[in-house]
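Written below as structure tokens is the structure these notes are about.
So that the names make sense, note that chain A is the first sequence line, chain B the second, and so on, each numbered from 1. Side-chain atoms are counted along with the backbone in the values below, which use heavy atoms only and exclude waters and symmetry mates.
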Amino acid sequence: MITRYTKRTLFILATVLITSSCETAFEKNPNDFLAPVNYYETESQLMAALAGTYDILGGVYGTVWLYRTGMEGDEGYFARSTPVLGPQNFNQAASDNDTHTIWRNLFQGINRANVLLANVNKNPGIPIEIRSRIRGETLFLRGYYYFVLAQLWGGVPIFITPTASAKETDSQRNSLAEVYTQILEDMKEAEALVPNINEIQFSGRINKSAVRGILARVCLYMAGNPLKDESKFAEARSWALKVMEDDAVAHALNPSYSDVFIKIARDEYDIKESIFEVEFWGNRTDNYTETGYVGFANGPQTSNNNTGNGFGGIRTTAKHYRKYETGDLRRDWNIADFTYNNTGENGAKTMINAISESSLYNRQAAKFRREYETLLPKAVGQTPQNFPLLRYADVLLMFAEAENEVNNGPTQAAYNAINQVRRRAFGKLLPEAENVEAHDLYGLDYTDFKTQVQDERMRELAFEQMRKFDLIRWGIFSFEMSTVQQDIERVFTTIPYYRDRFANAEQEKHTVWPIPAAELMLNKLMTQNPGW
Amino acid sequence: MILSFGEGKDERIKKQQRYTVSGRVIDPQGNPLPGVNVFIQGSTYQTVTDAQGNYKLEVFGKNVLTYSFIGFHIEQRNVSATGIINVTLRVEEDRLEEVVVIGYGEIARKDLTGSVSTVSMKDMEKAPVPSFTEALQGRVAGVSVSATDGQPGQEMNIVIRGANSLTQSNAPLYVIDGFPVEDPDNGAINPDDIASINILKDASATAIYGSRGANGVIIIETKKGKVGKPIVTFNNTLGFQGVQKTISVMNPYEFVDYQRELSRAGYRSYTPGELDPSEEGFDPRGLTLEDYRKVPGIDWQHQVFRKTLNRIHTIAIRGGTDQTRYAMSGSAYSQDGILLNSGYDRYQGRINIDQSLSKKLKVGIMANMSKRKTYGTNVASGEGSSFTTYLLSRVWGYRPVAGNININLLEEDIDEEALNQYDARFNPIVTSENAYQPTFVTDFLTNVYAEYKFLPEWILRMTGSVTRRDARNEMFFNSRTPQGSLISYFNTRAINARVNFNERITLSNENTLTYTKKFNNKHHLVGMTGLSFQESNYNAYGFSTQQIPNENLGMSGIDQGTPYATTALLSEFFLMSGFARFNYNYDSRYLLTATIRADGSSKFDKMNRWAYFPSMAAAWNVHEEPWMKEISGISEIKIRTSYGWTGNNRVGEYVRFPSLTQPFGASYSWQNATPTLGAIVSDLGNEDLRWETTEQVDLGLDLGFFDNRIAAIIDVYRKNTRDLLLNALLPTSTGFNSAMKNIGSVRNEGLEITLFFDNIKKKNFSWSSSFNISFNRNKILALTEGQDKLFITPSFESQYNANPLYISEIGRPAGMFYGYVWEGVYNYSDFDNPSEGVHVLKPSQPDNGTGRDNIRPGDIKYRDLNNDGIVDSDDLTILGRGLPIHGGGFNNDFTYKGFSLNVFLQWSYGNKLYNANRLMFEGNGNIRTNINQYASYADRWTPENPNSTLFRARGQGVTGYHSNRVLEDGSYMRLKTVSLGYEVPRNIIRPLAITQLNVSLAAQNLWTWTNYTGMDPEVSVRNSVLTPGFDFSAYPIPRTIVFALKATF
């Protein structure tokens, strides 16, 4: 007979044995994915984290941005009557999915940047040059994502450390000024850390020119509506000048305007002109999804697979068409004077002869053309074309604008800058050009010069999805949209569906988007933008 | 004849005089009953009847002989001298006395305190179905069983007493021969091998399964061998399946008429003879609309649906001696799906051996193996992004006739006149015939046990089990499938293929110690305690290749393609539990049960790893009270009540960990180089994650009248589930969409009634019925902090995916339909008519979302709820419930001499179904040309038919709006099973050495009464708690009629 004590001892022993061995049995740690704490130890791991941070650019510029977010302002419109509701028609609700996707993408990018910034120096064994450069690129991207957020929504919560847990996720909005301060801080720090564009020889990675050019843009936005910090014109001027005076790189315009975009279609880089591009890649015959919609969503419509399918998502306004002077080569490049045939060889077209005002509204955006793509086979809806975020022409125009503001009137340097852009527009930079100065501007006062810059930006940067933001910072968005509305009402007897788009846009609230409804519902500290 | 001696522990008996009792045990029909336990009450002296029902037992002194057999009343006889005692056992139709298998033990129903439903296997066996879950439908109050659609091999969706969990699984826990299985493939078990199914519903019954009991527990015991000569049963079923209904589509005349209404192109391509001679395409000899009245047109449904063969063959041998009992069985099941080239095959084998090593020690082993193959197009999911890639979409929508006489629609792979960058419509016959995406599953399940009765009151039982499932999924997309077509704009991979392997291995060990004691003949005590361990490993690997050069090699040629995607997945978990149960009853009058279980799981962090699930139950058998015995007519009154906690652990193995992944989607290409895979923190993790807890209270009443010829079981319950394991949305400013959190709470309350009637019980004729009905009310009590509603969109076609169809809101049931209120169409009276042909919408009339200027008579109209003249998102409202109000079944058994008839009706009432097919095929909501429509749309609004409520051609308004236009009543009553059997008289079959021969004709889903206009009201192709009742291109549930032959040797 076992005594009571032996029994008890045995029981305790058994319990201890079982529980101690089970503690290890419970340790089922994941071996299917990586734990963040074990990562960021090697250069290639840092590069992978950097790729994840860049990836957001593709998310933002890869889809609806190109044709359904209303960024083209008064220069065009979404060429479909459905979906009816959305930012393309300036009638979206706060629950709009497309705009929420952009919000989500940008904040994802910010968190990815924050994670990388928190870990970039984890292993001091990685050479400092490599870590610094990655840090610089990441800082810039964080600043850039905040810049886009600020343009779209105004003040948003600032996060400079990674989201740590799913608890206490409420966050309050910072003021727009605070957000811009953060952007400047990030970008200025980045400027010192990233290489020159001629060292890397392509425009898909962040380089000094890109940082400086975007800093000039940031400063112009700070100087404009709604912040109106006019002291920033001088700073914008000086950042633009740094790009223009960088002799080592020697930025210059491509003598041919169309060649800038043909190169993009061909996946070629032109680092003198195109300073910073979102990189898209591939044709979906593999497992990657790094394709975009450049040339499909915002190129002319066609179902000809040889040319490359086009959705034809944007058509132009007569106002935009009429902004070009006779001989301006940019007009028939930016606005199709043809339609692609649905059959036939690559690029088969039918030319358009009609120039009645009403027919102009049928013309399609054609800055990005799939017929020049070299990667075959061409995918149905996706393209490898990069999307330009900063071109040298933009830098010149930003300089001209800031110079005019700083000096309360155009200087010779301002004329030089804008006239470079104009000469190229009329083919005057080509080797065979004659009468080079024929279209130069001269003798304008502050206001006229400012107007010229504004129109020049419309012509030069058409469909590069900056027009809406430009109009807002100049404070003329509502007015310019109303002119198109009136044009439409004057021209058409049967009012087309897109008239409402221009009418809707005149409402004050459309200078920013509504904070996504889902964010408002789940983040108790979030507040809605006025009017929404 | 078997003789058995006790081991002589009862010395008192031994000293007395020895004599022999023998006899025969038969059933009321006079059939011998083999395997009946005959024993001396209060001792271990026992024997079992042989195949002829004979027994012989040596007895000492004066005793009570007890005859006991599952399914029959226990009979007792006093014996004191040698003699012959023949006994007729009465069939135990008195459900209140049967033995019920509960978790880790069994108990007489009269001593049960919890809510446990026993499924009548006798009735279930009548249904000619591959899986017991299909036969379970409507059988048990509180157990909702429904099919998502009729795809062969598809698992049924089983929810017990309403859904607790909003985003996680609500499937019950299965306990098969004592082993808990969270995710069994119920097709692995041959329904013919099942001896009993008991369903634990309330907390008192389920709490013994603790963290996994909250969704209810289904306990399955398989058939064991019985002592006696081997009994061979041979069961053959052969029959046909066919579609229950088809939907009439437009005939060629109606189709062409509609195409012409859609556009000028319709005139040009179908009726060039009617064009103006000046118009391009005019052909004086061309067809006119009238010509199409004579064109037969292709009936695509007729081409794709077929009558098919359905076969079930099973053979079983069961028998044993009193030391060894065995059961062996094998089965083959083959179902050719009613859609071309689809189906389900299963081969299964099983063996059970129980061996007594001594009076104290018993061991056993069981093994089950099954191989299954499902094949064919997955009908309810598309082959691409457009709705026209769904198989039934193409069956209904494919043109009945082409305008161009050179096009032979039946022969061509694709409708070339409908081929563009948004649409590629493949011939449904060709794609079905070329579909190759079979899944092969092998299940291997083996259990061993040892039971040691080391003291009279103590039993130690130790069991171990290994289960392994491996599955192989093959897909080969040849050039005649949408995914491999070289014609379609959507396919960039040319001919491509994929293969995936996955394997799950689960090891379990369960140990229980049971103490049974009766004091003073009044106090009954059963105590049980146990310890269990479970460990599970899962891995999956797969790869795909594209641009495969030689398609004729099939899967063996995929190595010639270019690899593109590979998958690899690994996961494992560990669960350890301790549990105890205490059952006490006083004189079978006052009953008390208490249980507790502690579970520790590797899914949760150390801090939250262990959880405790207690429960209590009490019952009072009122009829056992002496003062009740006086009252005649009442045979049973039992009041039960229980309260307890159960848990749910249905989350991924690793959700608590933050994870860093490198998905292809997060890559970036620099300098046109192959993209660098981005490393991103894809999940925040949540180390605070813990069990979801369901608190349930149940009040039950069991009634029996007139010797239990009428009986009732009534239960009311309320379940509150808190700390819901919810895939909770996060503010996206965090950089994350969601995280698994313990947040939110849900309530389910309901009423269940089961009634039994022995209506007629004559010698040659009997009629008995059972009826059950259950009501469940589901209510969301809380969601994520600050969130008061959840919108969900089922995915099927991009424009419609942009608008939510479901709302789950605090204070209401989950999964309500949401959208606009449909008001028919705008009539002429809604317009001002300033001049001939000009219609201007009256200011009093709201728009329909397309803008006032665009609205014409015959356009769709919605209700402007806030009366602001504009139909927009402010006019969205709740349109109806997705969950039924009640459901149940009504079973009738008739016998007349050798004939038996079983008629089983099953219903569901009160839920709505979203017939999304009608969005596309009753109005062409997505505006595609050359696509056919349902015949009902021929009656659409036209100036000549201005009273129709179906909008005109192109009058669909905003594409993508959801409204109650296509929301239909989903209530139905179904004649689920009808079986007519005949027991061939013994004198005819005896010369054939057959002991029993039963022939029957059985039908499943014979007839359905419903107002639903779709193929079948039992449908939910995007099934989840948040998205019930969505119907788009569902595989129709077939009607089955079989001839069955069951022989016993």
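There is no contact between B:Glu687 and chain A, counting heavy-atom distances below 4.5 Å. Contacts of B:Thr674 with chain A are made by both backbone and side-chain atoms, with heavy-atom separations under 4.5 Å. For a residue to count as touching a neighbouring chain, one of its non-hydrogen atoms must lie under 4.5 Å from one of that chain's; by this rule B:Tyr961 touches chain A with the side chain only. Contacts between B:Ala679 and chain A at a heavy-atom distance below 4.5 Å involve backbone atoms as well as side-chain atoms. Using a 4.5 Å cut-off between heavy atoms, B:Thr661 touches chain A through its side chain atoms alone. The part of B:Ile680 that comes within reach of chain A is its side chain, from C-beta onward, which places non-hydrogen atoms under 4.5 angstrom from that chain. For a residue to count as touching a neighbouring chain, one of its non-hydrogen atoms must lie under 4.5 Å from one of that chain's; by this rule B:Ala568 touches chain A with the backbone only. Proximity to chain A (any heavy atom under 4.5 Å) is shown, for B:Ala494, by neither the backbone nor the side chain. With a 4.5 angstrom heavy-atom cutoff, A:Asp267 touches chain B via backbone and side-chain atoms both. Residue contact with chain A, scored on non-hydrogen atoms closer than 4.5 Å, involves the side chain of B:Gln546 exclusively. Using a 4.5 Å cut-off between heavy atoms, B:Phe573 contacts chain A through its backbone alone, with no side-chain atom that close. Interface remark: B:Gln662 contributes side-chain atoms only to the contact with chain A (heavy atom separation under 4.5 Å). A:Arg284 touches chain B through backbone and side chain together, each having a heavy atom under 4.5 Å away. There is no contact between B:Asn491 and chain A, counting heavy-atom distances below 4.5 Å. Proximity to chain A is absent for every atom of B:Glu653, based on heavy atoms less than 4.5 angstrom apart. Of the two parts of B:Asp872, neither the backbone nor the side chain holds a non-hydrogen atom closer than 4.5 Å to a non-hydrogen atom of chain A.
A distance-only check finds no donor-acceptor pair linking the side chain of A:Arg104 to the backbone of B:Pro731 [under 3.5 Å]. Judged by distance alone, the side chain of A:Thr163 and the main-chain N or O of B:Thr734 form a donor-acceptor pair under 3.5 Å. At distances below 3.5 Å, at least one donor-acceptor pair connects side-chain atoms of A:Glu279 with backbone N or O atoms of B:Gln671.
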Exercise for the section: Check the pair A:Phe26 / B:Lys606 against side-chain contact (heavy atoms from CB on, under 4.5 Å), numbers first and verdict last. Expected result: CA-CA 9 Å; A:Phe26 279 126; B:Lys606 227 172 188 169; over 6 Å; no

Handout entry: Stepwise side-chain contact (heavy atoms from CB on, under 4.5 Å) check, B:Tyr668 with A:Val278
Key = CA-CA 10 Å; B:Tyr668 202 74; A:Val278 183; 3.9 Å; yes

Exercise for the section: Could you please spell out the steps behind the side-chain contact (heavy atoms from CB on, under 4.5 Å) verdict for A:Phe202 and B:Asn672? Expected result: CA-CA 10 Å; A:Phe202 71 104; B:Asn672 294 327; over 6 Å; no

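Interface remark: of the candidates B:Ala565, B:Pro675, B:Ala673, B:Pro675 forms the most heavy-atom pairs closer than 4.5 Å to chain A. With chain A as partner, the option from B:Pro663, B:Ser659, B:Ala728 having the largest number of non-hydrogen pairs under 4.5 angstrom is B:Ser659.
With contacts defined as side-chain heavy-atom distances shorter than 4.5 Å, the pair B:Leu660/A:Tyr40 qualifies.
Note that CG of A:Asp55 and CG of B:Leu677 are 10.5 Å apart. Values are rounded to the nearest 0.5 Å. A:Thr169 contributes atom OG1, which lies 12.0 Å from atom CZ of B:Phe736 (distance to the nearest 0.5 angstrom). With values rounded to the nearest 0.5 angstrom, A:Met47 atom CE is found 6.0 Å from B:Thr676 atom OG1. Rounded to the nearest 0.5 angstrom, A:Asn386 CG and B:Ser669 OG are separated by 8.0 Å. Here the straight-line distance linking atom CG of A:Asp500 with atom CG of B:Asn854 works out to 8.0 Å at 0.5 Å rounding. Between A:Asp286 atom CG and B:Gln547 atom CD the span is 10.0 Å, to the nearest 0.5 Å.
In this structure, the ring-ring contact (aromatic ring centres under 6.0 Å, His included) partners of B:Phe664, at least two apart in sequence or on a different chain, are A:Tyr288.
Scanning all heavy atoms of the two residues, the minimum distance from B:Ala666 to A:Arg112 falls at CB-NH1, 4.1 Å.
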Indicate every side-chain donor-acceptor pair of residues 516-526 of chain A with a distance under 3.5 Å to a residue at least two apart or in another chain.
residue: A:Glu519; atom: OE1; partner: A:Trp103; partner atom: NE1; Å: 3.1
residue: A:Glu519; atom: OE1; partner: B:Thr732; partner atom: N; Å: 3.0
residue: A:Glu519; atom: OE1; partner: B:Thr732; partner atom: OG1; Å: 3.4
residue: A:Glu519; atom: OE1; partner: B:Ser733; partner atom: N; Å: 3.0
residue: A:Glu519; atom: OE2; partner: A:Asn523; partner atom: ND2; Å: 3.0
residue: A:Glu519; atom: OE2; partner: B:Ser733; partner atom: OG; Å: 2.7
residue: A:Asn523; atom: OD1; partner: A:Ser171; partner atom: N; Å: 3.0
residue: A:Asn523; atom: OD1; partner: A:Leu525; partner atom: N; Å: 3.1
residue: A:Asn523; atom: ND2; partner: A:Ser171; partner atom: O; Å: 3.1
residue: A:Asn523; atom: ND2; partner: A:Ser171; partner atom: OG; Å: 3.3

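Surrounding CZ of B:Arg852 are more than 12 heavy atoms belonging to other residues, nucleotides or ligands, all under 6.0 Å away.
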